[in-house]
Amino acid sequence: MKSNGVTSVEGGAQRRLSLGMLSESRILRVCLGRPYLFLTTWMWRSLPVSLQRLTPARRYGMHLQSLIRLRAVRRQSFGTFFLRNRPELELMRRLLEERGHGANVAISVVGCSKGAEVYSIAWVMRSARPDVRLHVHAIDISREILEYAERGVYSLTTPSGLTGPTDEISSGDAGGRTCMDQSASLCERMTAAEMEAMFDRSDDRVTVRSWLREGINWYPGNAADPKIASVVGPQDIVVANRFLCHMDPVAAERCLRNVARLVRPGGYLFVSGLDLDVRTKVALEMGWKPVTDLMREIHEGDASLTGGWPLEYWGLEPFDEDRPDWMVRYASVFQIRRTP
Ligand SMILES: C[S@@+](CC[C@H](N)C(=O)[O-])C[C@H]1O[C@@H](n2cnc3c(N)ncnc32)[C@H](O)[C@@H]1O
């Protein structure tokens, strides 16, 4: 039986009844289901924030989130931010230091949505290493969002209520699309100086500067499709962030294995925003090497993910060095040593 990382010895002398096992119990799910979840959520919300940080409360939070995931209706989202996770970008910059003058670097950003992540990466990398020839593939399953991303034009007005469902994509104007699935402005995490460096501004709109838009290939594709590996070729860095959490675990695992095939042996996979059990399982099975540099900072580097725990299915559990598997579980970046 799976038990959220706690060992259970079937038929053996010792059996540890863990909260994780309780959450998977058929009795709880079938008979108590909704009332039990309601009560558990209410108890979490009643805990003072200072207590929520303690180990027993964290375990309780893990139990609560596993219940929420069992019942959640997952749906894709276009929500994104410029400079979303700064330690992640800093690690990409550091990895470039390994490359010689004039090197070619191939990078694919899968599930790129409105383009904020791609342009953020291009800005950090091109600013740090103008001598490096950066070849970027930006991939998304939605052709419409990809066309919008390629234009690189974003509205700065954030009218309330513009956080509509994804099927509004074809009807929305630029402002509507900028705000789609956003709980806050796309540019919320940028300083004025960073906006000045990345954008041309006109009234309430910004356009990504042309030197950042150049050299990006926008490719409509499904991350689960085995053919994308032959389309983009072997990549030095593949970024697959914050879309696998919106798939059920079986589909997410299949997709993750496929995306990893894009990485050349010795290259790097950045993958955050997915169920940690799925990532840990695949990383261990595939023998991926966790990158320890900035590991904790990256794990904690996106406030929208950490703030969603434990009440959202996509929320990210706190970094816990007491877990025996923490080095793999909390790594968001892996060096791919071999391909399947
Ligand atoms: C929440 S956004 C993430 C944007 C960006 N990666 C970030 O971290 O800010 C998820 C994006 O993944 C895309 N997506 C979902 N499933 C996909 C798939 N199977 N293949 C490619 N893109 C996918 C969605 O269309 C959406 O634009």
Side-chain angles (χ1 to χ4, degrees), residues 74-89 92 107-124 136-150 154 163-170 172 177-190 216-229 231-232 237-262 269-275 278 298-299 301-306 308 312-316 332-333:
R74 300 186 187 228
R75 90 163 176 86
Q76 280 297 338
S77 156
F78 292 117
T80 187
F81 294 97
F82 283 92
L83 306 180
R84 182 168 190 164
N85 185 323
R86 285 172 186 265
E88 193 178 272
L89 293 164
M92 287 183 202
I107 173 164
S108 280
V109 182
V110 187
C112 65
S113 187
K114 303 169 197 171
E117 189 180 24
V118 184
Y119 294 127
S120 301
I121 292 169
W123 181 60
V124 167
V136 185
H137 279 94
I139 300 167
D140 201 282
I141 199 166
S142 162
R143 191 177 286 274
E144 290 84 359
I145 204 73
L146 208 66
E147 284 167 5
Y148 172 70
E150 184 172 4
Y154 302 94
T163 56
T166 49
D167 56 9
E168 284 176 10
I169 184 164
S170 52
R177 290 187 188 196
T178 303
C179 297
M180 202 162 40
D181 289 335
Q182 298 291 142
S183 54
S185 164
L186 215 77
C187 302
E188 183 195 56
R189 302 182 188 183
M190 305 174 83
I216 300 176
N217 301 300
W218 301 90
Y219 173 69
N222 184 346
D225 181 353
K227 286 199 292 293
I228 56 169
V231 173
V232 300
I237 295 176
V238 171
V239 182
N241 281 334
R242 299 168 281 266
F243 69 97
L244 296 170
C245 56
H246 300 306
M247 299 178 180
D248 73 67
V250 174
E253 181 180 334
R254 206 170 38 235
C255 200
L256 175 57
R257 289 179 190 276
N258 191 52
V259 164
R261 292 173 57 239
L262 308 185
L269 175 65
F270 284 67
V271 59
S272 64
L274 75 168
D275 293 10
V278 171
I298 294 172
H299 182 84
D302 182 354
S304 32
L305 293 193
T306 51
E312 304 288 352
Y313 71 81
W314 43 260
L316 186 59
S332 308
V333 186

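Indexing begins at 1, ligand by ligand and atom by atom, following the structure's order.
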Legend entry - Pair I216-V109, side-chain contact (heavy atoms from CB on, under 4.5 Å): steps then yes or no: CA-CA 10 Å; I216 300 176; V109 182; over 6 Å; no

Legend entry - Residues R143, E147: salt bridge by 4.0 Å N-O rule: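 No, R143 and E147 are not salt-bridged.
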
Legend entry - Salt-bridge present (D302, R189; N to O < 4.0 Å):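 Counted as a salt bridge, because a side-chain N and a carboxylate O are separated by less than 4.0 Å.
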
Legend entry - Residues which pass ring-ring contact (aromatic ring centres under 6.0 Å, His included) with F81, listed by chain and number, not counting sequence neighbours: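 F81 satisfies ring-ring contact (aromatic ring centres under 6.0 Å, His included) with no residue once adjacent residues are dropped.
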
Inset, instruction - Using the side-chain contact (heavy atoms from CB on, under 4.5 Å) rule, take W123 and L83 through it: C-alpha gap first, then chi angles, then the decisive distance, then the call. - result: CA-CA 10 Å; W123 181 60; L83 306 180; 4.0 Å; yes

Give every pair made of an N or O atom of ligand 1 and a protein N or O atom lying under 3.5 Å apart, one pair per line with both atom names and the distance to 0.1 Å, or write 'none'.
{"unit_1": "ligand 1", "atom_1": "6 (N)", "unit_2": "G111", "atom_2": "O", "d": "2.8"}
{"unit_1": "ligand 1", "atom_1": "6 (N)", "unit_2": "E117", "atom_2": "OE1", "d": "2.6"}
{"unit_1": "ligand 1", "atom_1": "6 (N)", "unit_2": "N241", "atom_2": "O", "d": "3.0"}
{"unit_1": "ligand 1", "atom_1": "8 (O)", "unit_2": "R242", "atom_2": "NE", "d": "2.6"}
{"unit_1": "ligand 1", "atom_1": "8 (O)", "unit_2": "R242", "atom_2": "NH2", "d": "3.3"}
{"unit_1": "ligand 1", "atom_1": "9 (O)", "unit_2": "T80", "atom_2": "OG1", "d": "2.5"}
{"unit_1": "ligand 1", "atom_1": "9 (O)", "unit_2": "R84", "atom_2": "NH1", "d": "2.9"}
{"unit_1": "ligand 1", "atom_1": "19 (N)", "unit_2": "N222", "atom_2": "OD1", "d": "2.8"}
{"unit_1": "ligand 1", "atom_1": "20 (N)", "unit_2": "A223", "atom_2": "N", "d": "2.8"}
{"unit_1": "ligand 1", "atom_1": "22 (N)", "unit_2": "I141", "atom_2": "N", "d": "3.2"}
{"unit_1": "ligand 1", "atom_1": "25 (O)", "unit_2": "D140", "atom_2": "OD1", "d": "2.6"}
{"unit_1": "ligand 1", "atom_1": "27 (O)", "unit_2": "D140", "atom_2": "OD1", "d": "3.4"}
{"unit_1": "ligand 1", "atom_1": "27 (O)", "unit_2": "D140", "atom_2": "OD2", "d": "2.7"}

Inset, instruction - Assign the ring pair Y154 / Y148 to parallel, tilted or perpendicular, where the plane angle (0 to 90°) is split at 30° and 60°. - result: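 Perpendicular, since the angle between the ring planes exceeds 60°.
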
